[in-house]
Amino acid sequence: MNSSASVSSARAAGAYDRLDPRVRFWIREQGWDRLRDIQVQGIEAVLESEADVLVAAATAAGKTEAAFLPVLTHVAGRDDSGLAVLYISPLKALINDQFRRLEQLCELLELPLVRWHGDAPRGPKTKLVAKPRGVALITPESIEALLIRRPADARRLFCALDFVIVDEVHAFMTGPRGLHLASLLKRIDAFAPRPARRIGLSATIGDLGAAAVWLRPSEPARVRLLQSDVTGLDLQLQIRGYLEPKAVAPVQQTEPAEDAVLQREPACALEAIAEHLFANLRGSNNLVFGGSRRTVEALADQLRRRAEEAEVPNEFFPHHGNLSKELREELETRLKDGLLPTTAVCTSTLELGVDIGSVQSVAQIGAPRSLASLRQRLGRTGRRLGMPAVLRIYVREGACDERSDLMDALRVDTVRAVAAIRLLAARFVEPPAFPDPALATALLHQVLSVLTERGGARADAVYQALGGPGPFASVTPSDFAELLRGAARAESGLIEQAPDGTLMLGAGGERLVQARDFYALFESADEWRLIAGTRPLGTIPLSNAIVPGKLVVFAGRRWLVEEIDEQARVLQVSAHHGGVIPKFDRLSVEAAHDRLAAEMRLVYAADDVPPYLDRQAAAFLAEGRAAHRRLGLQTATSLDTGRDVHLFLWRGDALCHVFAAALALFGLQAEPHDLGVTVRWATGEDVRTGLGRIAAFRADDLDRFTEQVQGVQSAKFDAHVPEPLLRRFWGRRHARLWGDLAPLATSLLGSFARQASHNGDRAHASADQRL
DNA sequence: GACCTGCTGCGGCATG
């Protein structure tokens, strides 16, 4: 059921009256003059039905209270043993925030409220296990730890849950962590005679139906979907273009001589962007999303130096996942307190979760690749009534001449920025991608976890515990048997089978489960820890070659490495005036959706100049469109430069990657990119042959194709999964795209044929069609 | 040409 009508005041009063008198007292104490729409809807859904509930609303719309006010009303006065409410969050910091918000309310209701994560105090946890009651706020990894280390305690805690509340559901809908939590929820359900009701809290998401499937896989249709009124987004927007100077060397990537770093770096687009940010953001609170940790450090460094040169207090500070908790919290507190103007230059760390108050503007370096993420970032600005959201997008493009690369000439970043804004206006948000590449790893992890929790179990019991509707619904009994056989192989030794058929952990399985990093389903790397005096600054990857005397830019400042403790992996550093930005290991790029690529094609074909472009960005757009026309890309989908062959697919990353893999089968070196794939060092003839083979693909060729795909191991425990099984899962994941390959190849062949006749007309046309 | 997230149990000690 969808419900998004604005609620009447009579309805709001009715909802208020249904709350426990102590909850109403608490509301009055807060000084609230009315309940928000989403809270009224939440009260009705929780107290007037037995259904699961999904609450989707923008940040700061009062989602937490929409769930907790009625839930606490419902469980107040309950006195059976066991927790009544389990709240699950992806972040420890969010748990601490929620704890502060709920502390007083729970005290009024005489309900114990316990934070349960790795950094939370132990005393209250011990007390809770002794007398399980009330509400626990927990992370998925702490649930995992409870199940495998203290299964009896877990059973006592979870045997009588009335509600499971999952915060930031959208953050769990893709990726290994979402599979993990979904499996844990299923296992927790089995502890109780009656499964707890589930309540999901989420930001505005594209596909509420998919979220309902995640929340209650066995009965998604019975999930009540609540959405707050979506008011039109009042947005002040600018896309600013910056030309990267061609003649100047790129920003220093390698180790320079020590004295070289004392000089100012060469002028580059990022410096010009820093100049603009410095001039426009000082004096207020803002977020600048840099896109990578490297860019964040470079920008923070530039901005600090400008403050020093201007002899004014610095207001710009970096924030990313490698910075120490202390530094990050200092900045978060400074933003939230609002006593000093502050701009955080961040990666996606400040995109969700912790309360940092409202900021005046959001800046984004580089064009967005995800509308979900852009929307979430915009949610951080203009939240006070009547204030518009302010967004600045800074795009950088390379200088072009007749030898420039095709992609530079097409001004792809500028066009993608315009396309993203058009999709923002159309309210498009990407749906989650199912199923996740980490499926096999998650299944193996949960098999080991169930065997540990139960001290051994028969295979059919484990399958029953994990299979069926839920994260592993697509896993067949024979898939499962193959996974178990792989885990029992001598070289893995993860599990063993007793003569009576019971499965138990083997020596290898014991080692894996005993390791401290078993609790999380995502991987983590070993890193150097940087410490200045006694102050922890954060970490950098071990892949950075470190010698004493090395200079490092980190945490927005410059440091000299004084001492290295190889054993403890600690670098003692002191302040210095020079520095080089460290390497942060990159894994992949953020995937763009089909719809974004399709919208880019429309932007190329259109001729309007959006008013939100500055002069340089408008020039980039005009140049990109001119190149698009000159190359005939309105109709052509292939382009043979004589050295490379470009195939324009106008699809998202998923399809472009599969298409590149298909071409690779025929010995063609194909690189996927934003608009399609580029086949390197190939003749048109080679590519035509390859396309002909792809055009002949039939549905049942997928299996043969899958057998030859490279790089199917991608997740944490994939090394312990039989490769044929990984391949089978890969094939199923791509089955939906498979049917698109042959028609695409056929249409590309048509484009080749038209181009050939066109080139024939121009008898002496140059083979080199680069611009 | 990406980003983020999490973590036991126990013994021993100091402290209120």
Side-chain angles (χ1 to χ4, degrees), chain A residues 88-96 116-120 122-123 125-126 129 138-151 153-154 167-168 170-181 184 250 253 289-297 318-323 325 328 345-354 364-370 372-374 376-377 395-396 398 405 407-408 412-413 416 438 445 449 452 513-525 538-539 541 583-592 653 656-657 671-675 678 716:
Chain A
I88 302 161
S89 153
L91 302 173
K92 289 183 289 191
L94 199 53
I95 285 178
N96 296 341
W116 195 299
H117 59 67
D119 300 338
R122 280 189 295 178
K125 293 182 188 169
T126 314
V129 172
I138 198 166
T139 61
E141 288 73 18
S142 283
I143 297 176
E144 179 68 55
L146 261 170
L147 289 178
I148 62 180
R149 295 274 179 262
R150 305 158 67 175
D153 288 344
D167 206 349
E168 310 277 10
H170 56 282
F172 289 116
M173 285 178 58
T174 48
R177 228 177 157 200
L179 290 174
H180 188 191
L181 178 57
L184 295 173
Q253 300 272 345
F289 290 96
S292 71
R293 287 162 294 193
R294 186 184 171 77
T295 305
V296 164
E297 286 290 352
H319 193 283
H320 59 74
N322 285 71
L323 293 177
K325 198 170 91 176
R328 287 162 64 168
V345 185
C346 57
T347 53
S348 58
T349 37
L350 291 176
E351 196 173 289
L352 65 82
V354 292
Q364 151 106 20
I365 313 298
R369 298 181 69 79
S370 148
S373 166
L374 179 63
Q376 188 82 20
R377 291 171 183 193
V395 292
R396 290 178 278 178
D405 188 73
M407 289 299 150
D408 281 343
V412 175
D413 238 44
R416 194 172 67 232
H445 180 259
S449 174
T452 310
V513 171
Q514 290 306 323
R516 191 162 168 270
D517 82 340
F518 182 76
Y519 309 111
L521 237 165
F522 51 87
E523 290 192 84
S524 50
T539 61
K583 282 189 297 185
F584 294 101
D585 301 334
R586 290 186 286 256
L587 295 170
S588 59
V589 294
E590 184 179 27
D653 287 272
C656 291
H657 276 85
E671 293 168 12
H673 55 70
D674 280 342
L675 308 178
T678 293
K716 190 170 178 180

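Each chain gets a letter, A, B and so on, in the order its sequence line appears, and its residues count up from 1.
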**Asked** Is the distance between the ring centroids of A:Phe172 and A:His180 under 6.0 Å?
**Response** no

**Request:** Let me know the distance between CZ of A:Arg294 and P of B:dC3, rounded to the nearest Å.
**Result:** 11 Å

**Message:** If we count only N and O atoms by modelled type, under 3.5 Å, do the side chains of A:His117 and A:Thr139 hold a donor and an acceptor together?
**Reply:** no

**Request:** Could you state the atom-to-atom distance from CG of A:Leu675 to P of B:dG1 in whole Å?
**Result:** 16 Å

**Request:** Measure from NE2 on A:His319 to P on B:dC4 and round the result to the nearest Å.
**Result:** 10 Å

**Asked** Taking atom C1' of B:dT5 as reference, at what distance in whole Å does atom CE of A:Met173 sit?
**Response** 18 Å

**Request:** Could you pull out all residues at least two apart from A:Asp674 that satisfy salt bridge (Lys or Arg N to Asp or Glu O under 4.0 Å)?
**Result:** A:Arg369, A:Arg416

**Complete:** In B/S/- notation (B base, S sugar-phosphate only, - none; protein heavy atoms under 4.0 Å), nucleotides 6-16 of chain B written 5' to 3' is BBBSBB-----

**Asked** Distance check: side-chain N/O of A:Arg293 vs OP1/OP2 of B:dC4, anything under 4.0 Å?
**Response** yes

**Request:** Describe the nucleic acid contact of A:Pro672 in one word from base, sugar-phosphate, nothing, applying a heavy-atom distance below 4.0 Å.
**Result:** base

**Prompt:** Hey, does A:Thr347 reach any base, or is it just sugar-phosphate, or nothing, if we go heavy atoms under 4.0 Å?
**Reply:** sugar-phosphate

**Fill in**
note: A:Phe172, atom CZ; B:dC4, atom C1'; distance rounded to Å ~ 12 Å

**Asked** Just how far, in rounded Å, is P of B:dC3 from CD of A:Glu297?
**Response** 12 Å

**Message:** What is the distance, to the nearest angstrom, from the CZ atom on A:Arg416 to the P atom on B:dG1?
**Reply:** 12 Å

**Asked** Looking only at heavy atoms, which two atoms of A:Asp167 and A:Pro90 are closest? And how far apart?
**Response** O-CD, 3.8 Å

**Request:** Please say which of A:Arg516, A:Arg149, A:Arg177 ends up in a salt bridge (Lys or Arg N to Asp or Glu O under 4.0 Å) with A:Glu141.
**Result:** A:Arg177

**Message:** Please evaluate residues A:Gln376 and A:His170 with respect to the criterion side-chain contact (heavy atoms from CB on, under 4.5 Å), reporting the C-alpha separation (whole Å), side-chain torsions for both, the decisive distance (0.1 Å), and the verdict.
**Reply:** CA-CA 11 Å; A:Gln376 188 82 20; A:His170 56 282; 3.8 Å; yes

**Asked** Does a side-chain heavy-atom distance below 4.5 Å link A:Leu521 with A:Glu144?
**Response** no

**Item:** Length of the line joining A:His320:NE2 and B:dC4:P, which is rounded to integer Å
**Value:** 8 Å

**Message:** Check the phosphate of B:dT5 against A:Arg328, side-chain N and O only, distance under 4.0 Å to OP1 or OP2. Yes or no?
**Reply:** yes

